[in-house]
Amino acid sequence: MKLDRLQTAVFAGALALAAWPALKPEPKTDFNLAAFARVPVLEGGRVKPLDSFARNTMLAMRSKQSVPVDGKALPPARWLLDAAFKPELADTYAAFVVDDPEVLGLVRLDQGKTRYFAYWQLEPSRDEIQKQAALADEIAAPQRTRFQSAVLSLHGRLAMYERLKNTFMISGSGDPVLELAAFSSLLPSALKAFHSKKQTAADLRAMKALSDMLQRYNFIAQTAAFKAIPPKEGADADAWTNAGEAVVSPSGGEPHPSLASFAIMGRAYRAGDAAAFNAALSEHTTWLAQYRPAAARAARSEALFNKISPFTTGMALYILALLLIFAGWATRRPEVDSAARALAWAGFAVHTAGLFAHSVLQGRPPVTNLYSSAVFVGWAAVALGLFAERFHKRGFSAAGACVIGFTTLIVAHHLKSSGDTMEMMRAVLDSNFWLATHVVTITIGYSSTYLAGMLGIAWVVRRHLPLKPDPAASKALSELAYGVIAFSLFFSFIGTVLGGIWADQSWGRFWGWDPKENGALLIVLWNAFILHARWGGYARERGIMLMAIFGNIIVSLSWFGVNMLGIGLHSYGFMDKAFLWLSAFCALQLALMLLGAMPPRFWTERADA
Amino acid sequence: MRRNDALSKVVDGLSSLKLTLACLAVLMILVVACTLAQVNLGIHLAVERYIRSFLVWWVPEGSSLRIPIFPGGGLVGGLLLINLVLAQFRRLELSWRKAGLWIVHIGLALLFIGEFATAMLQVESNMAIEEGQTRNFSEDYRRMEVVVADATDPGFDSEVAIPDSLLRAGRELADTALPFKLIVRGYHENAVLSMRGPGDAPSGATMGVGAGMAFRPRSPATADNEQNTSIVLVEPVLPDGKSLGVYLLSNVLGAPQGFIHEGRSWKLALRLRQYRHPFSLTLKDFKHDRYPGTNIPKNFSSLVRLKDEAAGDDRDVLIFMNEPLRHGGLTFYQASFGKDDTLSVLQVVRNPAWTLPYVSCVLVSLGLLWHFGVMLRKSLGRLS
C-alpha cells in the first residue's frame with residue numbers, strides 16, 4: 001500500500017491527538033495535585049500511583065472515574081485528598097451509586113431523581129447495612145438474591161471509603177503534626193516510666209497518654225486503605241508500611257521522614273495552606289527519588305498511562321474510522337477511503353501502544369484478567385482485520401476490525417469498575433510462560449472468530465441494501481471469512497490444548513470439563529463444524545456466513561457466559577447488567593442470522609434480485 | 001458380493017462427512033448440557049452423566065424407569081474416532097497437499113485415545129502430610145475400603161482391605177488370611193449417622209458402637225468438596241457358622257472396632273481407600289507466600305524428601321504451583337494446605353496416558369500450519 005500525503009497527515013494528526021494529554025501543560029492548581037497523583041503507594045500487593053488507587057476506588061464506588069461537585073468533575077487525586085484529610089467535605093460528595101430499589105428502601109432514600117448518594121445520606125443506616133451484609137455474606141455467592149448482592153456490594157464500598165478516611169489520620173480529627181511530635185517526645189519518658197520500679201503519678205500519666213496514642217495509631221495501622229510509607233533505605237523493597245504501622249512498629253532507629261511529610265501535608269491541606277503542602281510533598285518525592293527510585297519511576301509511568309488513557313482515544317479513532325469507511329462506501333471517493341484507512345491504522349497504533357504499555361507496567365504478558373482479555377481480543381481482531389484487508393481492498397474487514405476494536409474497548413472500559421486492571425495473579429496463574437502461550441493463543445482464537453462473525457454480518461447487511469448485485473464482493477467476503485475461520489480453528493485448538501497441558505502441569509488432569517474449558521472446546525468444535533460443512537459442500541456461501549455469525553454467540557458465551565453460570569437461574573447479583581447485555585448481543589446475532597436466511601431484500605417490491 | 005455391498009455401505013456411512021458433522025453437533029450439545037448441569041449436579045456427576053457415558057438417561061421423577069434420550073460422550077467420541085480413522089483411509093489421498101490434514105487427523109485420534117485412556121486408567125488420590133511426617137500411601141477422595149487387621153502384635157499390623165465395589169448386601173467375603181468370613185448385611189454409599197434416639201429404628205448392629213446408633217440413607221454427595229458418609233454393616237462368621245455379631249462401620253467413626261478370636265485381636269474399620277507406594281515422602285517445609293500487604297496467595301510450595309530405595313533416590317524435591325513431582329509413574333501436585341500452614345495436601349495422579357496430549361498438540365499444530373500454509377499460498381498465488 002502506498003501512503004499518500006493525505007493518509008500521512010491524517011495518521012500523524014490522529015497520533016498527535018492521542019498524545020495530547022501528555023503534552024499539554026498541567027493545569028495550574030494551588031495544591032500540586034499532579035505531583036501528588038504520582039506518589040507511589042503499596043496497595044493490592046503492588047506499588048501503584050495514588051492516581052490509580054483514586055481512580056479504581058472511585059470506579060468501584062460510583063462506576064465513574066470522577067465525582068461531580070458543583071457541576072465540575074473533581075479530579076480523582078483531589079477527591080482522595082478530601083477523603084483522607086477533609087472527610088467532613090468528602091462525606092457530602094455523591095460518591096456512591098445505589099441502583100437496587102430494595103437497598104434504597106432499606107436506607108430509606110428516594111429512588112427517583114438520582115442514583116448517586118453521599119456518605120452522610122447513608123451513614124444513618126450504616127448499622128443496618130452492616131447487619132444485612134453480614135447475613136448476605138453467609139450465603140454462597142451464586143445463591144444470593146439481587147438484594148443480598150447489592151447490600152453486600154454497598155457495604156464493601158462504604159467500608160473501603162471508611163478505611164480511606166482513616167489512612168493518615170482518624171477521620172480528619174486532631175493535628176497530625178502535633179500528635180506525631182507529642183508521640184516522639186512522650187515515647188522515651190513513657191518507656192522509662194514503664195520500666196521504672198517505683199512509678200510516680202507523672203509516670204502513670206505519661207504511660208496513659210502513650211497508651212491512648214498507641215491506640216489511635218493502632219487503629220490507623222489496622223484500617224488504612226493503603227501503605228504510603230516506603231521501605232527505609234536498605235530494607236526489603238516490599239516492606240511498605242501504612243501511617244499507623246510506621247509509628248507503632250518502627251523498623252528501628254529514627255521515625256521514617258515520610259511520616260512527617262504526610263503529617264504536614266494533612267495539616268496544610270486542612271488549613272488550605274498550599275505552599276506548606278507543596279513543600280512537604282516535594283520533600284517526600286525527593287526522598288523517594290533518592291531511596292526508592294524504582295517505585296517512583298513505576299508510579300510516574302503508570303500515572304502518565306492513566307492520563308493518556310490510550311484505550312479511550314483508540315475507541316474514538318475506531319469509531320471515526322468506521323464512519324469514514326461508511327462515507328467512503330456511500331460517496332465512492334478514494335480520498336475518503338484512504339483517510340478512513342489511515343484513521344483505522346492510527347487507532348490500531350494507539351491501541352498497540354496502550355496494550356504494550358499496560359503489559360510493561362504490569363510486567364506480565366498482555367492477557368491476565370477479563371479486562372485485559374477484552375483489550376487484547378480487540379487488538380488481535382483489528383490486527384487480523386487490517387491484515388486481511390490487504391487481500392480484498394473493499395473495506396469490509398477494516399470495517400469489521402473497527403467495530404470489534406470499538407466494542408471490545410467499550411467492554412473493557414466497563415470491566416474496569418471491577419477493580420485494579422493490573423491486579424496480582426493468584427498462585428496458580430502466576431506463570432508468565434502459560435499466560436503468554438495458552439492465554440494469548442486462546443484469545444487470538446476469540447478475536448478471529450469475532451472477525452469472521454463481523455464479515456458474516458457485513459455479508460448479511462449487504463444482501464439487504466439497495467445495491468447493484470455484486471457477486472464478486474459477496475465472494476470476496478465469504479473467502480475472507482473462510483480464511484479467518486481457518487485461522488480461528490488453528491488458534492482456538494492450540495490454545496485449548498495448551499490450556500489442557502497447563503492444567504496437567506498444575507493440578508494433574510489434562511481435561512476436567514469445567515465451564516471455561518468447555519467454552520473453549522465449543523469454539524473449536526464450531527469452527528471445525530463450519531470448515532467440514534464447507535469441505536463437504538453441505539454449506540455454501542450463505543450457510544458459511546450465517547454460521548460465522550453464530551460463532552459470535554459461541555465466543556461471547558464462552559468468554560463471558562461461563563462467568564455468569566447460575567445467574568438468571570436463581571440470582572441477579574454479580575454481573576447482572578452484563579448478563580442483560582450478553583443476552584441482547586446474542587439476540588441481535590440471531591436476528592441477523594434470521595435476516596440472512598430471508599431472501600435478499602425481501603421487503604422491497606421486487607421479491608428477488 | 002452382496003455381503004460386501006452391505007459392508008461397504010456401512011463403511012461408507014461410518015466414514016461419511018455427514019457423520020462427522022452430526023457427531024460434532026451432538027458433541028456441542030453434550031458439552032453445553034454438561035456445562036449447564038454443573039450448576040446443580042456438580043462437575044463430577046455432570047461429567048459422568050453426559051460425557052463419560054454411552055447414553056444419556058432420563059429418569060422420570062419418582063420412577064425406577066431409565067429411558068435413554070440422547071447419545072452420551074463415550075458413544076459420540078467413539079463414533080467420531082471410527083469416522084476419523086475410516087475417512088482417513090477411504091477419502092483422503094496420500095499426497096503432500098493433504099499431508100497437513102493427515103497429520104492433524106492422526107493428532108486428533110491420539111487426543112481421543114488419550115482421553116479414553118485417561119477415563120479408564122487415571123487414578124487420583126490425595127496425600128496429606130504434616131511437617132515432619134513421612135507418608136508412603138495416598139488416599140482416594142471418594143472410594144472406600146473395609147479393613148480387617150490383625151492387631152495382636154502391636155509392632156506388626158497385617159491388613160486385609162476389601163474395596164467398596166465388593167460391598168453388596170448379602171455377599172460373603174472370605175480371605176485366606178482370615179479365620180472367618182465377613183457377610184455384608186447392608187451397605188449405604190451415603191447416609192446421615194447419629195446416636196440412636198427414642199423412636200429411631202435400630203441400626204441393625206449388635207456389637208460395637210454401632211449398636212447405639214441410627215442412620216438414614218441418602219443420595220451420594222455430588223458437590224466437589226463434599227464427602228460421603230458411607231455405612232456398612234458386616235457380620236464376621238466362623239467356619240462352623242457361629243456369628244460374632246453385626247458391626248456397623250463408617251468412615252466417619254474414628255476408632256476401629258474389634259473383637260478377640262482364638263487369642264488374636266481383630267480390628268474392623270471402613271476408611272478411604274489407600275494406595276501404597278514403594279517409596280516415601282517426608283514433608284520438610286510448607287510455604288504459603290502472599291503478595292505484600294494482602295492475603296492474595298502468591299505461591300504454595302512443599303519441600304519434601306523423596307526416599308525410594310529400589311530406584312536409589314534419596315533427595316529433596318520442591319513441589320510448587322505448576323511444578324509437580326513425577327516419580328514412579330505418579331505425579332504429585334501441590335493441591336491444598338491446612339493446619340495453620342503446617343499441613344500440605346498433595347494430589348497424586350497415576351495416568352499412564354499423560355504424554356498423549358502433548359504429542360497430539362504438536363502434531364495438530366504442525367498439521368494445521370502445513371495445511372493452512374498451503375491454502376494461503378494458493379490463495380495468494382491466485383490474487384497476484
Side-chain angles (χ1 to χ4, degrees), chain A residues 42-46 142 226-227 236 238-240 242 391-392 423-428 430-431 433-434 479 483 486-487 489-490 493-494 497-498 500-502 504-515 518-519 521-522 525-526 528-529 532-533 535-538 554 557 562 565-566 569, chain B residues 16-18 20-21 24-25 27-28 31-32 34-36 38-39 43 46-47 50-51 111 114-115 118 122 124 289-294 296-300 320-324 331-335 347-349 351 353-354 356-358 360-361 364-365 368-369 371-372 375-376 379-380 383:
Chain A
L42 184 97
E43 195 264 338
R46 71 182 187 94
F226 49 79
K227 297 177 187 280
D236 183 73
D238 285 339
W240 289 66
N242 64 38
F391 293 96
H392 296 278
E423 65 198 331
M424 305 313 282
M425 307 302 294
R426 283 173 183 275
V428 74
D430 183 17
S431 156
F433 173 73
W434 291 111
E479 269 177 16
F487 185 89
L489 178 66
F490 178 73
F493 180 84
I494 305 293
V497 178
L498 283 174
I501 291 178
W502 185 5
D504 184 55
Q505 288 287 328
S506 57
W507 53 80
R509 47 164 197 66
F510 172 74
W511 194 259
W513 303 99
D514 83 22
N518 290 352
L521 179 64
L522 281 176
L525 289 175
W526 185 242
F529 186 88
H532 284 89
W535 289 326
Y538 301 115
I554 293 191
L557 288 182
V562 295
L565 261 189
L569 297 173
Chain B
S16 72
L17 205 51
K18 270 192 189 136
T20 317
L21 289 175
L24 286 177
L27 202 53
M28 286 182 75
V31 170
V32 171
C34 169
T35 313
L36 294 178
Q38 289 179 15
V39 176
I43 199 162
V47 171
Y50 291 95
I51 308 290
L111 196 62
E115 183 55 18
T118 301
Q122 173 153 301
E124 293 184 2
D289 307 327
R290 298 168 178 86
Y291 286 104
T294 68
I296 307 173
K298 182 176 164 61
N299 192 28
F300 306 102
F320 57 103
M321 289 282 138
N322 299 321
E323 284 296 332
T331 315
F332 294 82
Y333 302 87
Q334 184 65 55
Q347 173 159 344
V348 187
V349 176
N351 179 12
W354 73 273
L356 283 182
Y358 291 75
S360 158
C361 178
V364 177
S365 315
L368 284 176
L369 264 184
H371 183 70
F372 292 138
M375 305 291 281
L376 192 66
S379 131
L380 285 181
L383 276 178

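- Contact count versus chain B (heavy atoms, under 4.5 Å) is highest, among A/F493, A/F433, A/F226, for A/F493.
- In terms of heavy-atom pairs under 4.5 angstrom with chain A, the leader among B/V47, B/V32, B/V348, B/D289 is B/V47.
- For chain A, the nearby part of B/T20 is the side chain; its heavy atoms alone come within less than 4.5 Å.
- Highest contact tally toward chain A, considering only B/T331, B/N351, B/L376, B/L369, is held by B/L369 [criterion: heavy-atom pairs under 4.5 Å].
- If you measure heavy-atom distances from A/E43 to chain B, you find no contacts under 4.5 Å at all.
- With a 4.5 angstrom heavy-atom cutoff, B/Y358 touches chain A via backbone and side-chain atoms both.
- The residue among A/N242, A/V497, A/N518, A/I554 with the most heavy atom pairs within less than 4.5 Å of chain B is A/N518.
- Ranking A/L489, A/D236, A/I494 against chain B, the residue ahead of the rest is A/I494, based on heavy-atom pairs under 4.5 Å.
- Note: B/C361 leads B/S360, B/C361, B/A335, B/A46 in heavy-atom pairs under 4.5 Å with chain A.
- The contact between B/E323 and chain A is made entirely by backbone atoms, counting heavy-atom distances below 4.5 Å.
- Contacts of B/A25 with chain A are made by both backbone and side-chain atoms, with heavy-atom separations under 4.5 Å.
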- [ ] In sequence, state the C-alpha distance, the side-chain angles, and the governing distance for A/D238 and B/Y291, and then conclude on side-chain hydrogen bond (donor to acceptor under 3.5 Å, both in side chains).
- [x] CA-CA 9 Å; A/D238 285 339; B/Y291 286 104; over 6 Å; no
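- Between chain A and the options B/G114, B/S16, B/P324, heavy-atom pairs under 4.5 Å are most frequent for B/P324.
- One N or O on the side chain of B/Q38 and one on the backbone of A/W513 form a donor-acceptor pair closer than 3.5 Å.
- Using modelled atom types, one side-chain atom of B/Y333 and one backbone atom of A/D504 make a donor-acceptor pair closer than 3.5 Å.
- The line from CG of A/L522 to OG1 of B/T35 is 6.5 Å long, rounded to the nearest 0.5 Å.
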Original post:
Should B/N322 and A/W502 be marked as a side-chain contact (heavy atoms from CB on, under 4.5 Å) after you check the CA-CA gap, both sets of side-chain angles, and the distance that decides it?
Top reply: CA-CA 8 Å; B/N322 299 321; A/W502 185 5; 2.9 Å; yes
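- Taking CG of B/L21 as the reference point, atom CH2 of A/W535 lies at 11.0 Å (rounded to 0.5 Å).
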Practice item. Please report the C-alpha distance between A/F510 and B/T118 in whole Å, then the side-chain angles of each, then the deciding distance to 0.1 Å, and finally whether the side-chain contact (heavy atoms from CB on, under 4.5 Å) criterion is met. Key: CA-CA 9 Å; A/F510 172 74; B/T118 301; 6.0 Å; no
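- With a 4.5 Å cut-off on non-hydrogen atoms, B/I51 touches chain A through its side chain but not through its backbone.
- With a 4.5 Å cut-off on non-hydrogen atoms, B/L356 does not touch chain A at all.
- The CZ atom of A/F487 lies 10.5 Å from the CZ atom of B/F372; values are rounded to the nearest 0.5 Å.
- To the nearest 0.5 Å, the span separating CG on A/L521 from SG on B/C34 amounts to 10.0 Å.
- Comparing B/M28, B/R290, B/Q347, B/K18 by heavy-atom pairs within less than 4.5 Å of chain A, the highest count is held by B/M28.
- Proximity to chain A involves both the backbone and the side chain of B/V31, based on heavy atoms less than 4.5 angstrom apart.
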